[in-house]
Protein chains: 4
Amino acid sequence: MAQKTEQARTKSGAMQSRRAELLEISARLFAEQGVRATTVRHIADAAGILSGSLYHHFSSKEAIVDEVLREFLDGLFATYKEIVRQNAGPRDALERLVRASFQAIHDSRDQVAIYQDEIKHLQGIPRFDYLELRNREFRDMWIEVLEAGQASGAFRADLDPNLTYRFMRDTVWVAVRWYRPGGKVSQEEIADQYLRIVLDGLADD
Amino acid sequence: MAQKTEQARTKSGAMQSRRAELLEISARLFAEQGVRATTVRHIADAAGILSGSLYHHFSSKEAIVDEVLREFLDGLFATYKEIVRQNAGPRDALERLVRASFQAIHDSRDQVAIYQDEIKHLQGIPRFDYLELRNREFRDMWIEVLEAGQASGAFRADLDPNLTYRFMRDTVWVAVRWYRPGGKVSQEEIADQYLRIVLDGLADD
Amino acid sequence: MAQKTEQARTKSGAMQSRRAELLEISARLFAEQGVRATTVRHIADAAGILSGSLYHHFSSKEAIVDEVLREFLDGLFATYKEIVRQNAGPRDALERLVRASFQAIHDSRDQVAIYQDEIKHLQGIPRFDYLELRNREFRDMWIEVLEAGQASGAFRADLDPNLTYRFMRDTVWVAVRWYRPGGKVSQEEIADQYLRIVLDGLADD
Amino acid sequence: MAQKTEQARTKSGAMQSRRAELLEISARLFAEQGVRATTVRHIADAAGILSGSLYHHFSSKEAIVDEVLREFLDGLFATYKEIVRQNAGPRDALERLVRASFQAIHDSRDQVAIYQDEIKHLQGIPRFDYLELRNREFRDMWIEVLEAGQASGAFRADLDPNLTYRFMRDTVWVAVRWYRPGGKVSQEEIADQYLRIVLDGLADD
DNA sequence: TATGAATGAGAATTCATTCAT
DNA sequence: AATGAATGAATTCTCATTCAT
């Protein structure tokens, strides 16, 4: 969006914005129909060009997926890293990680959906090795927070941190399947309720 | 099951078992690689026949997916229905629904994985209308239990039942992505921890 | 039809009637959908058996077509031959050829339709060489009658017999496309009208 | 035709001519071997490209058949319409309809043959509904002429117009089966003889 | 940057036919 | 005579990619 203000200033600027536009279109289609089911012709049609012309911007369909995911994960990593760096205490940190994740679902629905739907099938392709790398980094940050919380007494000690991490991660990301921006429930409210359940439980005690 | 006794291994028994075998193979490949990425040749190769021969048993690839999912969902529906019918009180019912779901993940990993991965892309295909039907039935059962629990004071009243239902459903089913039968943590232990978090919360209070 | 009276007398009698039944079913399907579009499974389904079982009766699909056509053409040849043999004068002979043809359309609609639709694509297959043979025999008989009529002054002499033959032949046989037995117009009435048009034009008056 | 002038052989002209070329090749093969028996590979081979490349130009084999027939029928309709519009009297009109039809056989042999051979099997496919529509329009024009002729005394009144129409239509079109352009008998001579037979029979004399 | 024509590998599906039982 | 499972070749169609213009 931001780059559209300076859109046609220079040749490279124009190209940049065209790239960004094509990535956005691709991401939307990938999220809606799945990467495999989205043909380069779908993308080209949506962009108003012929499929062959896409190859002036990207070297392959895979490269488009790559760029979409890489950009998204780099941004998310920076966000998470900043939260952990601030070191605000385990409970606060956990809350912020959750809220940041729901924010990402809100801001980058397509990218989150693609990540969720495709990671299983992208694992093992060398080009996408960074997915597992990022995965590990994310996991380490969550577990760091969870273990710090168990050590400090903020979180119950009878839970396996690894299992709890998976629970948290899945709980949050899977919401992309039904969350609709602009719907009845805002992403902040969803985050609130999720945190209430996760931190305090369903049981009325 | 019944037809697997010696006496029943007659003509129709043999046919049944061949179909069942092919469905099992298909389910495994669909779960591993995705429906789209699994070609009928993959399935046929894994079954030791030629791809054309599959069409002696099933009318199309879609029909195989259909049969795999339909069988699974019918079984799950019966299980859920029985739990709700027993009317053991909201908290017990919720616990049993969760445990039954983890049991399904254990018993029918492939089917659950297929369901999770493909439902988004199967929605809207008339042949798979029953997916949404079952979805609604499942939701109604969960929400019935959750609302009964809020009414009886077993569950906190400050949570939106719909949101809570989604939370429960998603967190349970998404576990199929990483659960491995025969791994370090049994499905019963996972269910235990999940229930502890969900019912009592992460916070140490 | 006739053989159905003695249908199950002997084993070979039963087989004969089964063959006849299968030929009848095949002819109907071939006529309705075309030979190519009719699969052996269609035939088998219509006969209430499995497609493989057809091969106990016929060595191939082609053999079925062959038998259907050969039987029909042999019968028609005998009919034509008898008309020409009676030597009742050119105009009478022509009339009888036309009437016999409409009778054949009435009695053997399926066979006539198959012949009309498929002859073009069967020409050149050695097994069906007899089609061209019969064709030539039919043509020779018609032309014999036509030329006799021109010689005797019964028919106008300013028309090319070959062209006239084709005109007559086409005129008659193509009616199979729309003639429905039991419909408003009987095959005798159609023959009458056709003859009136054709003869009063052909006749030297 | 127009675009074949030098100036018009630009982009769209080239594309037009490529499409037209492929349609011509397809029509020839369809007419020779039947639509069903003509594979897209046959067409592609004859065009010197790979079969998949055909789909750059047409969305399916059916679409090719469609385009071939639609173009032909639209042209024929315009020709017939013009003849009827000129209102030259029934006998003249009939003569012109016959001559126009033989001209169509001469100019568009392949298309007429395809129409004759395939209409039976295309009826009922929604995409080809226009075939029946055109059929009705053609019939109405012929019958209009025939009835006007009976009313004016130009044609005998003792013949059923409907039956007579079928007679005319069938005898004319079926000639495509044996007419060879450049053969011994020109299409004008054939039309002459056909008209002599038909009219001197129809004429009220 | 874009077009338009083509490639080539592979997808699902069809179908006549075979054969052990 | 019939079944049921399979074959194997062919068919229509898809789609990422290339490349001359």
Side-chain angles (χ1 to χ4, degrees), chain A residues 11 14-15 18-19 22 35-44 47-64, chain B residues 10-12 14-15 18-19 22 35-44 47-64, chain C residues 11 14-15 18-19 22 35-44 47-64, chain D residues 10-12 14-15 18-19 21-22 36-44 47-64:
Chain A
K11 194 184 175 186
M15 196 168 96
R18 189 61 171 141
R19 272 183 80 85
L22 292 172
V35 166
R36 235 189 150 83
T38 302
T39 68
V40 291
R41 241 187 106 179
H42 288 326
I43 299 173
I49 57 177
L50 289 184
S51 65
S53 307
L54 270 180
Y55 289 80
H56 288 288
H57 299 275
F58 306 98
S59 61
S60 69
K61 182 182 167 186
E62 217 180 40
I64 303 180
Chain B
T10 51
K11 210 183 271 179
S12 117
M15 186 170 103
R18 189 59 172 139
R19 271 182 82 83
L22 293 171
V35 167
R36 237 191 149 82
T38 302
T39 69
V40 291
R41 248 188 97 175
H42 288 149
I43 299 173
I49 57 177
L50 288 181
S51 67
S53 305
L54 268 181
Y55 290 81
H56 191 63
H57 302 276
F58 306 99
S59 60
S60 68
K61 182 181 165 184
E62 207 182 59
I64 303 181
Chain C
K11 192 182 175 191
M15 194 167 97
R18 189 65 171 136
R19 272 182 80 84
L22 292 172
V35 166
R36 236 191 151 82
T38 302
T39 68
V40 292
R41 241 188 106 179
H42 287 325
I43 300 172
I49 56 176
L50 289 183
S51 65
S53 307
L54 269 179
Y55 289 80
H56 288 289
H57 300 276
F58 306 98
S59 62
S60 70
K61 182 182 168 184
E62 218 180 39
I64 304 180
Chain D
T10 51
K11 208 184 278 180
S12 118
M15 185 169 103
R18 190 58 173 140
R19 272 183 80 83
E21 204 179 330
L22 293 171
R36 238 191 146 79
T38 303
T39 69
V40 291
R41 248 187 97 177
H42 288 148
I43 300 173
I49 57 177
L50 289 180
S51 66
S53 305
L54 268 181
Y55 290 80
H56 190 63
H57 301 276
F58 306 98
S59 61
S60 68
K61 182 181 166 183
E62 206 181 60
I64 303 180

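Sequence lines set the chain letters: A, B, ... in the order given, protein chains first and strands last, and positions in each chain run from 1.
With distances taken from any side-chain atom of S60(C) to the nucleotides dA11(E), dT17(E), dA6(E), the minimum falls on dT17(E).
One can place CZ of R36(B) at 10 Å from P of dA12(E), the figure rounded to the nearest angstrom. Atom P of nucleotide dC13(F) and atom NE2 of H56(D) are separated by 17 Å, given to the nearest angstrom. Going from atom NZ of K61(B) over to atom P of dT14(E) covers 14 Å, rounded to whole Å. If you take CZ of R19(D) and C1' of dG4(E), they are 13 Å apart, rounded to a whole angstrom. Atom CZ of R41(C) and atom C1' of dA5(F) are 13 Å apart (whole Å). Between H57(B) atom NE2 and dG4(F) atom C1' there is a gap of 8 Å when expressed in whole angstrom units. Residue L54(A) contributes atom CG, which lies 16 Å from atom C1' of dC19(F) at whole-angstrom precision. Put simply, CZ on F58(B) is 15 Å from P on dT14(E), counting in whole angstrom units.
Residue L50(D) is in base contact, counting any heavy-atom pair closer than 4.0 Å across all strands shown. When heavy atoms are screened at a 4.0 angstrom cut-off, S51(D) is found touching base atoms of the nucleic acid.
Where A37(C) and S53(D) meet DNA chain E, the nucleotide closest to each residue was compared, and S53(D) sits on the side nearer the 5' end. Mapped onto DNA chain F by nearest heavy atom, I49(C) and S59(D) fall at different nucleotides, with I49(C) at the one closer to the 5' end. Nearer to the 5' terminus of DNA chain E, by closest-nucleotide assignment, is the contact made by Y55(B) (compared with the other of G52(C) and Y55(B)).
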* Asked: How is the base pairing of DNA chain E summarised as a dot-bracket string, given the Watson-Crick and G-U wobble criteria with both distances under 3.5 Å, [ ] for crossing and | for another strand?
  -> .||||||||||||||||||||
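Note: L22(B) CG to S53(B) OG = 10.0 Å, rounded to the nearest 0.5 Å. One finds the NZ atom of K61(D) at 11.0 Å from the CG atom of L54(D) (value rounded to the nearest 0.5 Å). Atom CZ of residue F58(D) and atom CD1 of residue I43(D) lie 9.0 Å apart, to the nearest 0.5 angstrom. Expressed to the nearest 0.5 Å, how far CD1 of I64(A) lies from CD of E62(A) amounts to 11.0 Å.
In terms of heavy atoms, H57(A) sits closest to R19(A) at O-NH1, 2.7 Å. Smallest separation of non-hydrogen atoms from S51(D) and R41(D): CB-CG, 3.7 Å. Across every non-hydrogen atom of A47(A) and R18(A), the tightest pair is O-NH2, 3.6 Å.
On the C1' atoms, dT1(E) is 13 Å away from dT21(F), given to the nearest whole Å.
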